[in-house]
Structures are given as C-alpha cells and as structure tokens.
Amino acid sequence: MEPITIYTGRMAVMDRKNVDTDQIIPKQFLKRIERSGFGQYLFYNWRYDEQGNERPDFELNQPENKGTSILLAGENFGCGSSREHAPWSLLDFGFPIVIAPSFADIFKSNCMKNGMLPIALTEAEVDYLMTAAAGGKYELSVDLPNQKVSGQDGFETHFDIHPYWKKMLVNGWDEISITLQYDEKITEYENSKQRLSI
Amino acid sequence: MGKSIIEKIWDRHIVSEEQDKPDLLYVDLHYIHEVTSPQAFEGIRMKGRSVRRPERTFATMDHNVPTVNRYFIQDEIAKKQLDALAANCQEFGIHLADLTSSEQGIVHVIGPELGLTQPGMTIVCGDSHTSTHGAFGSIAFGIGTSEVEHVLATQTIWQTKPKTLKLEVNGELGYGVTSKDVILYVISRFGVDFGTGHIIEYCGEVFRNMSMEERMTVCNMSIEGGARAGLVSPDDTTYSYMKGRKYAPESSEFDRCVEEWSQLASDVDAVYDREIVLDGSEIPPMVSWGTNPGMATGVDGFVPSITDGVMDSRELGRALEYMGLNEGMAITDIPVQHVFIGSCTNSRIEDLRKAAAVLSGQHVHPGVRAMVVPGSQSVKKQAEEEGLDVLFKAAGFEWRESGCSMCLSMNPDVVPAGEHCASTSNRNFEGRQGAGARTHLVSPAMAATAALYGRFVDIRKNERIAELVR
Ligand code: SF4
C-alpha cells in the first residue's frame with residue numbers, strides 16, 4: 001500500500017447526507033472478481049443516465065470538480081452495505097481522502113485497510129470547506145503525521161485518528177503480515193481455557 | 001459493577017491487548033459468500049499464505065443465484081463468481097453449501113437454522129447483515145473483503161471495543177405489529193446513524209417475548225441504524241430453537257453448553273454507555289416512504305411535508321422525487337405494483353406462515369406482480385410440507401428457489417424503474433431493487449396485504465385481516 005503522509009489536493013463537494021455504498025458502487029458492478037478497475041463505475045447511477053450519458057447536474061460531472069482528489073461530503077458517509085468495492089472505486093477514481101462530519105463504521109475501516117484516509121471534521125468545518133471549495137480552486141493540505149488539515153486562506157484544524165491506524169497508513173503497512181507475528185499468541189489462545197466450548 | 005453480555009463475550013475473545021492498539025479478537029465462526037470473498041482468496045494466493053482454520057469458515061452461494069432454473073446461470077459474470085467460490089473452497093478445504101446442497105440459502109438464514117450460529121461466539125462475514133446472528137447472543141458483525149482475507153489467514157480480527165447501547169422496549173405490541181415494525185420504528189425515530197460506534201443489546205419484555213425468527217429480524221436491521229452489531233441475551237427460547245439442529249452440540253454436550261451459555265446474559269447491574277427505553281404499545285405497523293430505512297412512518301401516517309421541518313428539505317425533496325411521491329400524501333394512497341417476500345430479514349418459515357395466513361383464499365390485485373423467495377432450501381422444503389407453496393400460488397404469487405433475489409437484484413429478479421414494491425427486505429436505497437425502482441419496507445403481513453389491495457392497507461382496520469393478526 002502507498003504510505004500517506006502529507007497530501008495536497010483540490011476538493012469535490014458532494015453536499016449530501018447518508019450517502020450509502022449502494023450509490024457509491026451499484027450492485028451490478030460487484031460481480032467482478034478483481035480488486036481493480038472499479039473507478040469507472042463510481043456513483044454510476046448518479047453519474048450517468050439510462051443511455052450512458054453524463055448527467056450534467058451531478059456533482060462529479062461539473063467542470064470545476066474534474067481532477068479533484070479529496071471528496072467532501074455530508075454526515076454518515078458510506079452507510080449500508082459492507083462492500084469494500086466502495087473504497088476501491090473511490091481510490092481508483094482518484095479520491096484517497098474523504099472528509100465528512102461522520103462515517104459509517106464498516107466503510108471507515110474498509111478505507112483504512114486500503115490506504116485511504118477518512119477524516120471526520122465538525123459539521124461547521126465541513127460547511128466552511130464546502131463554501132471555500134466552490135469554484136474548484138481551493139487547495140487543501142492534509143498532514144497525517146501531525147493530524148492537521150489546512151487551507152490556503154489560513155483555515156487550519158486538527159483531526160482525530162486512532163494511533164494504530166495512523167501508524168499503519170503513514171507506513172503503508174499490510175495488516176496481515178503484522179498479525180502473522182502473533183501466531184504463537186493465537187495458538188496459545190486456541191488452546192486456552194478462556195474459550196467457550198466451541 | 002456487573003458486566004453486559006457484550007463485554008463478557010468481548011473479553012473472552014481477546015488474543016492480545018496492548019496500549020494504543022485495537023484488541024486482537026479471535027473469530028469463532030466465519031461465513032463467506034460469492035460476492036465479497038474472491039478478492040480475499042486472491043490475496044491469500046498471491047502472498048502464498050494459507051487458511052489458518054478452514055473448518056471455522058462456512059460458505060454458501062446466495063447473492064447472485066437465479067431463483068428459477070438455478071442450474072442454468074445465464075449471466076456469465078455471475079457464473080464466474082460462483083465458480084470462483086467453488087474453486088476457492090475446494091482449494092482451501094472450506095465447506096461449501098452450493099446450489100445442489102440442501103444446506104444452501106441466504107447466509108444469515110442458513111447459519112442459524114443449521115445450528116452453526118451459537119451463543120457467546122464471535123461471528124464475522126463479508127456482509128453487513130451479519131448482525132442477524134446476534135439474535136443468539138453472539139457478537140456478530142459485517143466486515144470488508146480485506147478483513148475476510150485477514151480472518152482466513154489468521155482467524156482473528158483487530159477491533160476497537162465499541163460502545164454499548166441498551167435498547168429496552170417494554171409493554172406489549174399492538175396486534176398486527178411485528179418485530180419488523182419495531183425495528184423500523186426505532187430507526188425512523190432515532191435515525192440511520194444512531195447506533196454508529198455501538199453494539200446494541202435489545203432488552204425488555206418485547207424482545208423476551210419474541211421467537212428466534214423475530215429476534216433475527218430485529219438484529220438483522222441493527223446495521224440500518226448504524227450499529228455494526230445488535231444482540232439479545234440467550235434464554236430458553238434460544239436453546240429450544242437450537243436443540244437438535246444439524247451442527248448444534250449433541251444432546252449431553254448440549255446441556256453442558258446451555259449451562260455455559262446461561263452465564264452470558266447481562267448482569268442486572270451492568271452499565272451501558274447509552275440507554276434508550278421505549279413503550280412497545282406506541283408502535284404502529286410501519287411503511288418506509290423514502291430512500292433510507294429511517295424514512296418510514298406508521299401505515300396510518302403521511303409522507304412528510306417540507307413545511308413540517310422534521311427533515312432537511314433538500315434530502316426530503318430528493319427522496320420524494322426519486323420515490324415519485326407528493327408531500328403530505330397518505331401512506332395508504334401509495335400504489336403498489338410489486339410485492340417481494342424474502343431476504344435475510346423476513347424469509348424464514350414464520351414469515352412465510354404469516355404472509356400465507358393473510359393470503360389464504362384470496363387473490364392478488366390484478367395490477368400486482370408478487371413473489372415469494374424462501375430464505376433457504378430448508379425453509380422452502382418445510383413450507384412445501386405445510387402446503388404454503390400451494391396457497392401462495394393459488395393467491396397468484398410466484399414461488400421461487402432460495403437466494404437474496406430482489407433484496408438487491410443482483411440476479412434477474414428486478415423491479416422496473418418507476419414502479420413501487422412492497423418489500424420485506426431491509427434497504428430502500430435508490431436503485432437497490434433495480435435502477436429507478438421504488439422500495440417500501442414492510443413486514444410480511446403488510447406486504448401480503450398490499451399484494452391483495454394494490455396499495456398499503458392498515459391491517460388493524462381491515463376486519464378479515466385484523467381477525468387473523470389479532
Ligand atoms: S438478503 Fe439482501 S441483505 Fe440479506 S444478505 Fe442477501 S442481499 Fe444482503
């Protein structure tokens with residue numbers, strides 16, 4: 001996985017609450033058995049009409065949002081299905097960072113397992129950034145080691161992240177190889193009395 | 001200070017506990033299906049890793065499978081995914097309930113009915129409705145594909161301890177009000193994210209009095225309230241449901257297990273991070289009108305108006321536009337063209353019996369296409385033994401093979417754009433049942449009644465049906 005440390009990019013504003021993973025990647029694209037190539041299907045039913053033409057009023061189709069790499073959205077982003085195809089499609093499309101007032105639990109953890117950074121800011125901060133980002137010129141910097149988000153107009157704020165995840169993301173580590181170092185402990189647990197008889 | 005069942009199960013599964021790290025938890029049981037597992041197996045193969053405990057993973061085919069002519073899968077990509085699951089299970093020695101198996105069905109239906117799901121377990125699956133298994137007093141939650149790979153390789157998972165939420169519903173439910181209505185009511189009242197970061201324990205008379213099928217319906221939809229897991233402390237209802245099931249402990253062993261399981265129930269002085277108390281008699285039969293499960297109201301209610309100020313006006317506007325509904329219209333004026341009885345929420349034998357009772361001797365409205373998709377081959381067989389299939393067919397319902405079907409319409413079962421479907425499933429997100437499809441979440445009895453009338457009907461006010469559900 002690519003390590004994330006300091007990242008600067010322009011933001012796409014998606015001022016919608018409760019964006020569910022069925023919208024992020026509709027079910028007709030879940031039949032693939034690969035991990036890659038999902039970006040083309042991101043928000044498919046919102047991006048394209050029945051004939052496959054771009055819907056001009058959808059946020060990501062607007063000219064100022066082309067080439068943006070940070071997605072700014074409303075609360076409870078990523079709710080619903082556990083499909084990891086959702087973060088895969090966001091990342092493949094070009095959004096390694098999503099900022100929202102809150103995220104659904106499974107989505108959040110799925111992001112971090114793929115080297116993506118979901119950042120929860122307060123609603124007021126997200127509102128501020130949404131206004132600032134309008135027009136598509138505003139650049140935001142994310143500094144993961146210092147847990148800071150800052151803008152060119154002096155906007156600056158701190159965000160929380162579990163120290164475990166910070167370490168994983170900053171180093172781009174693969175979780176399984178770390179857990180495999182616990183092999184003995186797992187065996188010990190498997191043989192212990194602490195377990196129920198199952 | 002006492003402990004809740006959540007803490008008891010959690011503590012017993014800690015493999016490693018360190019400062020500044022989530023806990024490393026042991027996973028007792030891992031369910032997999034064809035959609036969220038192929039990339040996990042691919043990862044295992046690419047890195048030359050092995051599956052640590054293949055006997056602790058159980059696989060089924062459910063999301064993609066056709067519900068007619070199931071052996072002739074026309075969708076090439078779906079077939080490739082099913083074949084990939086079969087090949088992966090073969091390669092890594094994992095038990096698979098494939099399309100030819102009498103064990104096949106929706107993963108959250110077969111686990112409990114086979115006796116695999118047991119109290120006190122930690123259970124995961126690459127599927128958000130894994131919360132269903134909490135009905136047995138286990139901590140069961142949905143995971144992503146990277147985690148599926150992690151569990152295959154290590155039989156463990158890193159988890160930060162969630163907060164605990166006690167949701168107590170006391171009193172008695174009104175007639176015609178089912179477990180589906182209870183959970184829809186809770187979500188509509190507290191929102192689709194009220195449970196984020198929490199595990200819910202469902203307490204109080206209402207849940208105590210429920211059958212296992214009913215508890216599963218409630219726990220199933222915990223995720224629709226944002227909670228990753230929801231559970232009910234095990235009791236005699238749990239044990240009598242489990243006894244004699246295929247993979248449940250055998251007789252003498254079973255009694256010993258019951259003794260152990262009985263220790264799991266929350267202590268009376270357990271402390272929770274949050275508590276909610278409700279009166280069950282307030283809950284009406286529910287119908288969802290919008291594009292998430294929180295957008296629901298009583299069948300005797302109305303679609304909200306922008307001027308009510310109860311919701312963000314843009315969100316409401318978008319939902320109404322998608323659903324083709326007008327502000328302030330009566331729920332009973334919403335026309336229904338499709339009825340789907342199925343999904344891991346409501347496709348168990350009890351659900352089918354309740355729907356069948358309403359339909360007995362009646363015929364579906366001429367403008368309605370209705371379908372029953374039993375949750376598993378075993379539910380299907382039992383229903384056929386009871387003659388429910390004959391009754392459904394006589395009423396004009398299609399009787400299908402088991403699978404997820406129209407709950408997410410990955411197979412050919414789709415609701416056409418612009419049409420309304422009364423569905424016993426769990427999600428009414430845009431496009432869930434097909435592009436442009438308009439889903440209304442309801443209980444099996446409400447769905448069956450909507451099939452008869454071609455619109456929603458308050459089952460408490462219909463004399464014949466009220467008699468049946470009283
Ligand atoms: S029935 Fe629906 S919700 Fe349940 S597992 Fe299948 S697709 Fe998911």
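Proteins get letters first, then strands, A, B, ... in listed order; numbering begins at 1 in each.
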**Study point:** Contact class of A:Glu50 relative to chain B, heavy atoms under 4.5 angstrom
**Key:** neither
Exercise for review: Salt-bridge test for B:Arg432 and A:Asp20: reply yes if a basic N is under 4.0 Å from a carboxylate O, no otherwise.
Suggested key: no
**Study point:** Non-hydrogen side-chain atoms of B:Thr196 and A:Ser102 separated by less than 4.5 Å
**Key:** no
Revision key, fill the gap. Okay, B:Ile143 and chain A: the region with an atom under 4.5 Å from a heavy atom over there is backbone
Check your understanding: A:Arg32, A:Arg83, A:Gln28: which one forms the most heavy-atom pairs within less than 4.5 Å of chain B?
Key -> A:Arg32
Review point. Using a cut-off of under 4.5 Å for heavy-atom pairs, which of B:Gly197, B:Gly191, B:Ala84, B:Ala435 has the most such pairs with chain A?
Key: B:Gly197
Practice item. Drop me the distance from A:Lys27's NZ to B:Phe429's CZ, to the nearest 0.5 angstrom. Key: 12.0 Å
Practice item. Would you indicate whether B:Glu250, at its atom CD, is surrounded by more than 12 heavy atoms from other residues, nucleotides or ligands within a distance under 6.0 Å? Key: no
Review point. Chain A heavy atoms under 4.5 Å from B:Asn64: which part of the residue, side chain, backbone, both or neither?
Key: side chain
Exercise for review: Let me know if B:Thr160 has heavy atoms under 4.5 Å from chain A in its side chain, its backbone, both or neither.
Suggested key: side chain
Check your understanding: Between NZ of B:Lys47 and OG of A:Ser177, what distance do you get to the nearest 0.5 Å?
Key -> 7.5 Å
Check your understanding: Is the shortest side-chain N to carboxylate O distance from A:Asp15 to B:Arg314 below 4.0 Å?
Key -> yes
Point to revise | Side chain, backbone, both or neither of A:Ser36 within contact of chain B (heavy atoms, under 4.5 Å) | key: neither
Review point. Is a side-chain donor-acceptor pair under 3.5 Å present for A:Trp46 with B:Glu430?
Key: yes
Review point. Between A:Gln23, A:His85, A:Lys108, which has the largest tally of heavy atom pairs under 4.5 Å with chain B?
Key: A:Gln23
Review point. Got a salt bridge between A:Arg35 and B:Glu149, using NZ or NE/NH1/NH2 to carboxylate O under 4.0 Å?
Key: yes
Check your understanding: chain A heavy atoms under 4.5 Å from B:Leu408: which part of the residue, side chain, backbone, both or neither?
Key -> both
Check your understanding: Relative to chain B, which segment of A:Phe107 carries a heavy atom at a distance below 4.5 Å: side chain, backbone, both, or neither?
Key -> neither
Point to revise | chain A contact via B:Arg427 - which portion, at a heavy-atom distance below 4.5 Å | key: side chain
Review point. Does one side chain, of B:Ser146 or A:Glu84, offer a donor that lies under 3.5 Å from an acceptor on the other?
Key: yes
Practice item. Calculate, to the nearest 0.5 Å, the distance between atoms CG and OG belonging to B:Asn426 and A:Ser81 respectively. Key: 10.5 Å
Check your understanding: Does the distance from a Lys or Arg side-chain N to an Asp or Glu carboxylate O, for A:Glu190 and B:Arg53, drop under 4.0 Å?
Key -> yes
Check your understanding: Once you round to the nearest 0.5 Å, how far does OG of A:Ser82 lie from CD of B:Glu147?
Key -> 9.0 Å
Exercise for review: Name the region of B:Ile77, side chain, backbone, both or neither, that has any atom closer than 4.5 Å to a heavy atom of chain A.
Suggested key: both
Check your understanding: Side chain, backbone, both or neither: which part of B:Asp75 has an atom under 4.5 Å from a heavy atom of chain A?
Key -> side chain
Practice item. Specify which of A:Lys167, A:Glu188, A:Glu175 makes the most heavy-atom pairs with chain B at under 4.5 Å. Key: A:Glu175
Check your understanding: In terms of side-chain heavy atoms, does A:Thr179 have a donor or acceptor partner in B:His150 at a distance below 3.5 Å?
Key -> yes
Exercise for review: Evaluate side-chain contact (heavy atoms from CB on, under 4.5 Å) for B:Asp193 paired with A:Cys79, printing each intermediate quantity in order.
Suggested key: CA-CA 8 Å; B:Asp193 57 357; A:Cys79 60; over 6 Å; no
Point to revise | Part of B:Glu315 within contact of chain A (heavy atom distance under 4.5 Å) | key: side chain
Check your understanding: With a 4.5 Å heavy-atom cut-off, do B:Arg52 and A:Asp183 have their side chains touching?
Key -> yes
**Study point:** Side chain / backbone / both / neither for B:Glu18 at chain A, heavy atoms under 4.5 Å
**Key:** side chain
Check your understanding: Of the options B:Thr291, B:Asp312, B:Val192, which is the one that meets A:Asn18 in a side-chain contact (heavy atoms from CB on, under 4.5 Å)?
Key -> B:Val192
Review point. Can you say whether the rings of A:Tyr189 and B:His13 are parallel (under 30°), tilted (30 to 60°) or perpendicular (over 60°)?
Key: tilted
Check your understanding: If you count the non-hydrogen atoms of other residues, nucleotides and ligands that lie under 6.0 Å from NZ in A:Lys166, is the total more than 12?
Key -> yes
Revision key, fill the gap. CG (A:Leu180) and CZ (B:Arg49) are apart, to the nearest 0.5 Å, by 5.5 Å
Check your understanding: Tell me, side chain or backbone of A:Thr21 under 4.5 Å from chain B's heavy atoms, or both, or neither?
Key -> neither
Practice item. Say whether B:Arg12 and A:Ser192, considering side chains only, have a donor N or O and an acceptor N or O under 3.5 Å apart. Key: no
Review point. Any side-chain heavy atom of B:Thr156 sitting closer than 4.5 Å to one from A:Tyr182?
Key: no
Revision key, fill the gap. Separation between CG (B:Asp20) and NE2 (A:His162), nearest 0.5 Å, reads 7.0 Å
Exercise for review: Sort out for me which of A:Leu30, A:Asn110, A:Ile33 touches chain B most, counting heavy-atom pairs under 4.5 Å.
Suggested key: A:Ile33
Check your understanding: Where the side chain of A:Lys31 meets the backbone of B:Met410, is there a donor-acceptor pair that is under 3.5 Å apart?
Key -> yes
